[in-house]
Amino acid sequence: MATVAFHTLGCKVNFYDTEAIWQLFKNEGYEQVDFEQTADVYVINTCTVTNTGDKKSRQMIRRAIRRNPEAIVAVTGCYAQTSPAEIMAIPGVDMVIGTQDRDKIIPIVKQFETDRQPINAVRNIMKTRQFEELDVPDFADRTRAFLKIQEGCNNFCTFCIIPWSRGLMRSREPQSVIAQAEQLVAAGYQEIVLTGIHTGGYGEDIEDYSLAKLLWDLDKVEGLKRIRISSIEASQITDEVIEVLKSSDKMCRHLHIPLQAGDDRVLARMRRKYTTAEFASKIERLHEIMPDVAITTDVIVGFPGETEEMFRNGVEFMERMKFSEMHVFPYSKRTGTPAARMEDQVDEEIKNTRVHELIDLSEKMQLAYAQQFVGQVLEVIPERAYKGAPDSGLYMGYSDNYVQLVFQGSEDMIGQVCRVKVTEAGVNESKGQLVRVLETAAVVNL
Ligand code: SF4
């Protein structure tokens, strides 16, 4: 049996795309082996979000070639899309496919097997207006299923290369999203995470349809217990979206809303489409309709021109927003973006100090958020045995509002909704005690 091995760099969307590519190989009768093993085909799904992403991608390509010089080496993903020539120049690379036409990977592999000629299959992504349908009915991880609903982004934030590697906004057909959701539920998943490059932009390119309408349609999928949106911009939280969040009991009390900077001058230079006041008013509204909602965010520290005063202003704003977690990134120059050409780049050491300050702030906020739930019962879907002590009978999972809980359970609870009482709050994980498994209705004496 022919074998295929994958290595994925970068974000969740890339991991999703790899799953989709694996489905195509699987349907062809391939067996998947570890990337460290000898395989007939190696697929490297690359990332280009930072300059380091390019470098790491090249390293992994070389590693595959070294492992089996006879293997077919296929390079795909964002770096492949933006720099196909650079990749084709690496001796041993047999084919480059960008962020589209992945559905054609099998015929491309077959063509190579016949002709033995390197293939550059990268096409201009900026002209593509159609979402590429790729089926992912199953995942290696059994508890949470990802469902890609859109591709691309029209925003062109000044620090971001993504629109150039992924192209412009394309939404997946509503019927296809629903059909895939039904399939995932039939495969045993209770939670679906809607993902994309600019997930909250879903529907902007479809007439008479919207993200809110999609959420309502998903709400009707029988057997589905939880719907999570991987990320949504403050400006995309419309009144209609608020209405679904308020009325559908499947919508998780957790939203990831990228802030990126807490100062209006920095936001404007980033070309983000909101002010801090607009962002704050959306957050306030969410707290009104969804008490206890967890709001997580991304922040970039040390964007060109960020003075100490702007940074302080940002810190004060973030404290006010009471996020339940912040993902903090130091600004990293991405060649080809307007921000990389800005003159007033911030010193690395200053960036470092600021990053640490925000990580500390995030940890404080994480703890404060979890502490509110001590003594309360939350619904948790256990994902796996607790890594810290695999044989202890402890399991971990996330509540709908994204509190990570560790509690005494059993293997058969994985993937089932469990009611867990929070006994002790922690920064990254809190402790809990099982009350009941909802599916089997087994009651545990406390
Ligand atoms: S919204 Fe901005 S940061 Fe996000 S993908 Fe689009 S351009 Fe990049």
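Only this structure's heavy atoms are used, side chains among them; waters, hydrogens and symmetry mates stay out. Each ligand, and each atom within it, is numbered from 1 in the order the structure gives. The shown structure was predicted, so the numbers you read here are calculated from the model rather than taken from an experiment.
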#### Entry: Distance filter under 4.0 Å to Pro163 heavy atoms, resulting ligand 1 atoms
7 (S)

### Query
So, Arg63 versus Tyr42: side-chain donor-acceptor pair below 3.5 Å or not?
no

### Query
What atoms of ligand 1 come closer than 4.0 angstrom to any heavy atom of His198?
1 (S)

### Query
For ligand 1, which part of Arg272 has a heavy atom less than 4.0 Å away: the side chain, the backbone, both, or neither?
side chain

### Task
List the closest protein heavy-atom neighbour of atom 8 (Fe) of ligand 1: residue, atom name, distance to the nearest 0.1 Å.
Cys160 SG, 2.3 Å

#### Entry: cation_pi(Arg354, Phe311) dist<6.0 Å, angle<=45
yes

## Note on the structure
d(Leu224 CG, Ile192 CD1) to nearest 0.5 Å is 4.5 Å

### Summary
Ranked by distance from atom 6 (Fe) of ligand 1, the top protein heavy atom is Cys153 SG, 2.3 Å

### Message
Among all the protein's non-hydrogen atoms, which is closest to atom 7 (S) of ligand 1, and how far away is it?
### Response
Cys157 N, 3.3 Å

### Query
Does at least one non-hydrogen atom of Arg166 fall below 4.0 angstrom from an atom of ligand 1?
no

### Task
Identify, by atom number and element, the atoms of ligand 1 in contact range of Phe159, meaning under 4.0 Å from any of its heavy atoms.
3 (S)

### Query
Taking side chain as C-beta onward, heavy atoms only, is Leu218 less than 4.5 Å from Lys250?
no

## Note on the structure
Tested for side-chain contact (heavy atoms from CB on, under 4.5 Å) against Ile232, the lone hit among Leu194, Thr199, Ile257 is Ile257

### Query
To the nearest 0.5 Å, what is the distance between OG (Ser247) and CG (Leu215)?
11.5 Å

